[in-house]
Structures are given as structure tokens and as C-alpha cells.
There are 2 protein chains.
Amino acid sequence: MHLPDMSSLSPTARVILGLLAWQSRTGYEIKQVTDRSTRFFWGASYGQIYPELRRLEDAGLVDSREEPRGRVPRRVYSLTEAGRRAVDGWLAEVDESYEIRDEGLLKLFFGDLVPPEQLLDLVGRRRVWYQETAALFRGIGDELDELDETSGTVLRYGIELMEWNAAWWADLEQRLS
Amino acid sequence: MHLPDMSSLSPTARVILGLLAWQSRTGYEIKQVTDRSTRFFWGASYGQIYPELRRLEDAGLVDSREEPRGRVPRRVYSLTEAGRRAVDGWLAEVDESYEIRDEGLLKLFFGDLVPPEQLLDLVGRRRVWYQETAALFRGIGDELDELDETSGTVLRYGIELMEWNAAWWADLEQRLS
DNA sequence: GGAGGCATGTAACCGGTTACATGATTTA
DNA sequence: TAAATCATGTAACCGGTTACATGCCTCC
């Protein structure tokens, strides 16, 4: 067991520890939950989750017990007290990263290089994509009942951000045509 | 000289080629320009730029000539015709990636784990950050004169997005207090 | 003379995705 | 019985950041 170095908590580790602070879960379940909730602003893949769970257990921030379903092996992870302290420590840090990677915006940036109708096509596609994503998020919200909690607030952020974007690109589309 | 494989144009390569489509530049200048324009939705570091320029030259998408300033070595890169075709090809693709990594949102997601005043503090910090970033972008806009071009439109997007965020977090702040 | 900007580059590291591999169980 | 879902994991690869290293030139 190594010293838990809180300053080096990787992004994926933060998501995992946060989710485990609510309840114990398997790696598979963690993936499920992130796909339905944090995916759009903080995703996680199996290739990260399973090795990370090992590292976290190694560091003493989580522990696990085997809970097979029939003959299907299954390992449930729980937050330790040290893990809980690590989560609290991270939540108390006063620095939050923010990053966007938007290829549509990059293409718009270089929009002067293409004929107007191609640019208009791009803008229209983006508008549609934002509308569809907003609808997708609304659908997730309809299945949820915990919209009053902070996790619900984040979903609302997602919906409203997508709607804002849909409106912005629709506006640009109109001005270009 | 290798075959230029357009389908494998890395994100950084796209930014570089796009900028070179406007005018020839050194690696240093490319960094300058991205820092003032695409940085907030598509950044680039020296550690990427210089090796990428080499690879692009190897692939025949750019070429370069030495243009030292006094005894300071300096290499100016230009887009070749194959490079221009690669840019046009990329711009014509109908698929654009979109990604957000927002640690503030992640903390809000787990907001139920912390005392209300700590959550309020986080929300306030985020609101301030968006306000400041909006102001920063507006400052960049004031120095620019090409606000009618598509690159100017992208800056406007940045400003308005930051303003929308500032308003959203301010609203949440008010409801929490 | 010193600070800051111009200019180029590399090495180590890191976080993440994708594809692959395996097998049990449940559902249509 | 076939497909989908549950469940775990690894290896190869990739794109990117950070820190480091070097040296000239200009302006205060």
C-alpha cells in the first residue's frame, strides 16, 4: 500500500471516487453511470476505469470485495475513509480546469477558405446536432427523478447549454442565408 | 516524402494547415496566433507544433525556407498545393468532434457531498471566472478589426458563450443563497 | 547590463481511446 | 438459439503538456 498522493488524483480518479462516495459500484457500473451523466463533460472508458480502480486500491483510497453473480465474476468497489478524505480535499481545492475542443468552431474559424454554400451547410449541421443533443438530454431528464439535486442541476446545465448553442447556430445560419 | 494521408491529419495539423492557408508563418508565429485566437477551443503547444511541422513537410503538405533575422535562425513554412487540398478535404468532411472538460461542472455534480457554503463558494468562483474571461475576450475583440470575417464570428461566439455561462452561474448562485 | 521577446527544438511523461480477448447470463 | 447485456481486463497507440536547453536581439 502506497501513500495516497491527493495532488496527483487523475481526472478519471476524481470521477470514480466521487461516484463511489454516493455508493459502492463495480467498474462496469461506473461506466454505465458516467455514460448517462458525466459523459458529456467528463467521460471515462474501460481502458481507464479498471486500471485506475487497481491504482486507487493500491493507494488505499478504495477497497473491493468479490460479489459474483452466479458464475460471472464481479468485484464491487467501496470508498475507504482515506478515499473520502481525498474526495473532500479535491472538492475543496480552489482551481477548476475548463477546456473545450470544438472542431465545428475550428472549421467556422477557417470558413473564409470555403465557398459560402459549404459554410452554410456546416452551420446547419451544427445547429441540427445541438438541437438533437438538447432533445437527448431532455430525454435523460425525463427518466430521472432527482432533478432537485446538484447532479440534476448539471443535467439542466447540459440541456440549456445545448439549447443556447442551437439558437446561436440557428441565428448564424439565418444571417448567412 | 511519404504519401499524404489526409484521413490521419491530427487536430494540431488541421490548425496549422488552416493558418498556413491564410499566410506563411514560422512555428513561433503559429503559436502566437493560436494563443490569441483558437486557444480557447483548440490550443497548440511548441511540443506539438515543431514536430508536426516536420511531419507535414515530410508528407509534402507544407514546405519551408530559411529566413534568418540577423543571426537568429528562422524557418518560414508555406502550404503546398497538396496541403491546400488536404485543408479543403478536411473542411469538406461532414463530421465534427465536440468535447468539453469542465472540472467546475464535475464538482457541482458532486455538490451534495460538501457543505452548502462551500458549494456556494465554488459557484461564485465560477461566475467570476466566466465574467473575467468574457472581459478578456472582449479586449481581444477591441484590438481586432476583422470582426466581420468568420474568425471574428468565432471570437463573438467565445464572448457570448462566456457571457451566457456567467449569467447561468450567477443565476445558480442567487438561487443557492 | 539586464529583462523580455524572438526563435527552435527535445525528452519524459501522462491521460486517454480503441481494439481486442474472453466468457456467463438473460431475453426475445 | 441467437442476440444483447453483464462483466473484466490488456496492449498498442496517440495526442498532448511540461520542463528543459540554447542562444540572439532589442529596448529600457
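Letters go in sequence order (proteins before strands), and every chain restarts at 1. All values derive from a computational prediction rather than experimental measurement.
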task = For the pair B:Trp22 and A:Phe109, name the ring-plane relationship: parallel under 30°, tilted 30 to 60°, perpendicular over 60°.
result = tilted
task = Name the orientation class of the two ring planes belonging to B:Trp90 and A:Phe110 (parallel below 30°, tilted from 30 to 60°, perpendicular beyond 60°).
result = perpendicular
Can you tell me if the side-chain N/O atoms of [X] get under 4.0 Å from OP1 or OP2 in [N]?
X	N	value
A:Arg74	D:dT8	no
A:Thr26	D:dT8	yes
B:Tyr28	C:dC6	yes
B:Thr12	D:dG16	yes
A:Arg101	D:dG15	no
B:Arg54	C:dG9	yes

query = Has the side chain of A:Thr38 got a donor or acceptor atom that lies under 3.5 Å from a matching backbone atom of A:Trp42?
reply = yes
message = For the backbone of A:Leu119 and the side chain of A:Lys107, can you confirm whether one donor and one acceptor N or O come within less than 3.5 Å of each other?
response = no
Whole-Å distance between [N] [atom2] and [X] [atom1]?
X	N	atom1	atom2	value
B:Ile49	C:dT8	CD1	P	10 Å
A:Leu56	C:dG15	CG	P	12 Å
A:Gln48	D:dA12	CD	P	17 Å
A:Arg71	C:dA24	CZ	C1'	8 Å
A:Trp42	C:dT17	CH2	P	11 Å
B:Tyr50	D:dG16	OH	P	17 Å
A:Glu52	D:dG9	CD	C1'	15 Å
A:Leu53	D:dA7	CG	C1'	13 Å

Of all the nucleotides listed ([options]), which has the minimum atom distance to the side chain of [X]?
X	options	value
A:Arg75	D:dT8, C:dG15, D:dC24	D:dT8
A:Pro51	D:dT17, C:dA24, D:dT10	D:dT10
A:Pro11	D:dG15, C:dC6, C:dG15	C:dG15
A:Ser45	C:dT18, C:dG23, D:dT8	C:dT18

ask   = If you look at every strand shown and take non-hydrogen atoms under 4.0 Å, does B:Gly27 touch a base, only sugar-phosphate, or nothing?
value = sugar-phosphate
query = Is there a donor in the side chain of B:Ser64 and an acceptor in the side chain of B:Arg75, or the other way round, less than 3.5 Å apart?
reply = yes
inquiry  = Taking the axis from the first five pairs and the axis from the last five, what angle separates them in the helix from C:dG1-D:dC28 to C:dA28-D:dT1, rounded to 10 degrees?
reply    = 40°
Are [X] and [Y] close enough for a salt bridge, meaning some N to O gap below 4.0 Å?
X	Y	value
A:Glu52	A:Arg55	yes
A:Arg126	A:Asp102	yes
A:Arg138	A:Glu163	yes

ask   = Pick the nucleotide of DNA chain C nearest each of A:Tyr46 and A:Arg69; which residue has the one closer to the 5' end?
value = A:Tyr46
